[in-house]
Amino acid sequence: MAAVTSPETSPQPRVYFQTPAGTTEEPETPVRKQGRVTVKYDRKELRKRLNLEEWIIDQLTDLYDCEEEAIPELEIDVDELLDMPSDVERAARVKDLLVDCFKPTEDFITELLDKIRGMQKLSTPQKK
């Protein structure tokens with residue numbers, strides 16, 4: 001614990017480096033730990049992935065003509081698409097996922113493939 005000074009001897013407030021014994025007060029602002037994900041992955045790549053996911057949600061709400069919460073249960077896994085060897089296979093996979101969509105999906109699929117071209121696969125971090 002840091003040295004404690006009385007208000008009469010110093011105009012500075014008391015400072016504690018750790019909570020004194022017997023006090024149960026929570027700190028006003030919780031201390032945030034540095035996220036491990038930004039250490040493993042490039043922050044720029046994470047931002048691109050987030051922007052892509054937001055774009056996909058916007059497009060799906062337009063395609064299905066509904067709110068985000070009402071989109072049918074489907075998951076477009078970008079990493080799965082990046083693992084595929086060709087755009088033809090990627091397009092076929094996305095088309096299979098959108099089989100119950102009654103609006104034309106070709107423009108969405110083409111634009112999605114353009115957006116993921118050159119992206120890096122984000123594998124699950126391995127525990128050490």
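For Asp100, the side chain to side chain contact (heavy atoms under 4.5 Å, CB included) test picks out Tyr64, Pro72, with sequence neighbours left out. Evaluation of the ring pair (Phe, Tyr, Trp, His ring centres under 6.0 Å) rule for Phe108 yields Trp55 as partners, not counting sequence neighbours.
Of all non-hydrogen atoms in Glu75 and Leu97, the two that sit nearest each other are O-CD1, 3.5 Å.
Taking CD of Gln59 as the start and CG of Asp107 as the end, the distance is 9.5 Å to the nearest 0.5 Å. Taken to the nearest 0.5 Å, the CG atom of Leu52 stands 10.0 Å off from the CD1 atom of Ile57. Going from atom NZ of Lys48 over to atom CZ of Arg43 covers 15.5 Å, rounded to the nearest 0.5 Å. Residue Asp83 holds its CG atom at 11.0 Å from CD of Glu89, rounded to the nearest 0.5 Å. Summarising the geometry, atom CD1 belonging to Ile56 is positioned 11.0 Å from atom CG belonging to Asn51; distances are rounded to the nearest 0.5 Å.
A side-chain donor-acceptor contact under 3.5 Å links Arg49 to the backbone of Gln120. Side chain of Arg90 to main chain of Met84: a donor-acceptor pair is present (N/O by atom type, distance under 3.5 Å, no hydrogens or angles).
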Pair Leu74-Ile76, side-chain contact (heavy atoms from CB on, under 4.5 Å): steps then yes or no: CA-CA 7 Å; Leu74 64 95; Ile76 298 175; 3.8 Å; yes
Show me the side-chain donor-acceptor pairs of residues 109-119 shorter than 3.5 Å, one per line, residues at least two apart or across chains.
residue, atom, partner, partner atom, Å
Thr110, OG1, Glu106, O, 2.9
Asp114, OD1, Arg117, NH1, 2.8
Arg117, NH2, Asp87, OD2, 2.4

